**Student:** 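Okay, here's the structure, questions in a sec.
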Amino acid sequence: MSSSQPVSIHLLDREYTVGCEPDERDSLLAAAKLLDSKMREIRGGNRMAALDRVAVLAALNFAHELQQLRNEDESSSREIARSLGDLQRKLDGLFDTPAG
């Protein structure tokens, strides 16, 4: 049984009510604040900008940032795997060397 509760969020001075698990409420509110900030940045001084256009551009910005983070994470993971492989080979070399 879901314990989803209604939470009000505000985006560009409009209120939206969404269902949210109680333990995810703070995260949802932080995400809404971030989205509102991005939407305001995109809208700038043009108060007549269409809400749907502003929302799509904000979503595209966040999707691009997410993709960049994923690419960086993938690159970091490859580098870590490479480093671990090098260390493993060095350790194997130490243990394979006969004691003298």
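All values reported here derive from a predicted model rather than from experimental measurement.
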**Student:** Can you list every pair that meets side chain to side chain donor-acceptor pair (under 3.5 Å) and has a residue in residues 47-63, with sequence neighbours left out?
**Tutor:**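 Pairs touching residues 47-63 that pass the test: none.
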**Student:** Holding to side-chain contact (heavy atoms from CB on, under 4.5 Å), I want the full list of residues that pass it with Gln5, two or more places apart in sequence or in another chain.
**Tutor:**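 side-chain contact (heavy atoms from CB on, under 4.5 Å) list for Gln5, sorted by chain: Pro22.
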**Student:** Any donor-acceptor pair under 3.5 Å linking the side chain of Ser76 with the backbone of Glu72?
**Tutor:**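 Yes.
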**Student:** Which residues pass the side-chain contact (heavy atoms from CB on, under 4.5 Å) test with Glu24, not counting sequence neighbours?
**Tutor:**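 Checked Glu24 against side-chain contact (heavy atoms from CB on, under 4.5 Å); matches are Cys20, Glu21.
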**Student:** My understanding is that only residues two or more places apart in sequence, or in another chain, count here; which of them pass side-chain hydrogen bond (donor to acceptor under 3.5 Å, both in side chains) with Arg25?
**Tutor:**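 Scan of Arg25 (side-chain hydrogen bond (donor to acceptor under 3.5 Å, both in side chains), adjacent residues dropped) gives none.
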**Student:** Which other residues belong to the hydrophobic cluster containing Leu66, where Ile, Leu, Val, Met, Phe, Trp and Tyr are joined when side-chain heavy atoms lie under 4.5 Å apart, directly or via other members?
**Tutor:** none
**Student:** Who passes side-chain hydrogen bond (donor to acceptor under 3.5 Å, both in side chains) against Arg82, sequence neighbours left out?
**Tutor:** Glu79
**Student:** Going by salt bridge (Lys or Arg N to Asp or Glu O under 4.0 Å), name the pairs with one or both residues in residues 27-37, residues two or more places apart or in two chains.
**Tutor:** Asp36-Arg40
**Student:** Going by the salt bridge (Lys or Arg N to Asp or Glu O under 4.0 Å) test, which pairs reach into residues 58-67, not counting sequence neighbours?
**Tutor:** Lys38-Glu65
**Student:** Answer yes if Leu69 and Phe62 sit in the same cluster of Ile, Leu, Val, Met, Phe, Trp and Tyr residues linked by side chain heavy atoms under 4.5 Å apart, and no otherwise.
**Tutor:** no
**Student:** Return the set of residues passing side-chain contact (heavy atoms from CB on, under 4.5 Å) with Ala49 (not counting sequence neighbours), or none when no residue passes.
**Tutor:**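 For Ala49 the side-chain contact (heavy atoms from CB on, under 4.5 Å) partners, ignoring immediate neighbours, are Arg43, Asn46, Val54.
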**Student:** Could you pull out all residues at least two apart from Ala63 that satisfy side-chain contact (heavy atoms from CB on, under 4.5 Å)?
**Tutor:** none
**Student:** Within this structure, what is the CG-CG distance for the pair Leu87 and Asp92, rounded to the nearest 0.5 Å?
**Tutor:** 11.0 Å
**Student:** For Asp26, what residues pass the side-chain hydrogen bond (donor to acceptor under 3.5 Å, both in side chains) criterion, not counting sequence neighbours?
**Tutor:**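 Asp26 satisfies side-chain hydrogen bond (donor to acceptor under 3.5 Å, both in side chains) with no residue once adjacent residues are dropped.
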**Student:** Calculate, to the nearest 0.5 Å, the distance between atoms CG and CG belonging to Leu35 and Leu11 respectively.
**Tutor:**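 The distance works out to 5.0 Å.
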**Student:** Residues two or more places apart in sequence or in another chain: which of them pass side-chain hydrogen bond (donor to acceptor under 3.5 Å, both in side chains) with Asp73?
**Tutor:**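 So Asp73 forms no side-chain hydrogen bond (donor to acceptor under 3.5 Å, both in side chains) with any residue.
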**Student:** Indicate if Ile42 and Leu60 have the same hydrophobic cluster label, given that clusters are the connected sets of ILVMFWY residues with side-chain heavy-atom separations under 4.5 angstrom.
**Tutor:** no
**Student:** Does Arg70 come within less than 4.0 Å of Glu74, counting only side-chain N to carboxylate O?
**Tutor:** no
**Student:** May I ask whether Met39 and Val56 are part of the same hydrophobic cluster, defined by side-chain heavy atoms of I, L, V, M, F, W, Y residues being less than 4.5 angstrom apart, directly or through others?
**Tutor:** no
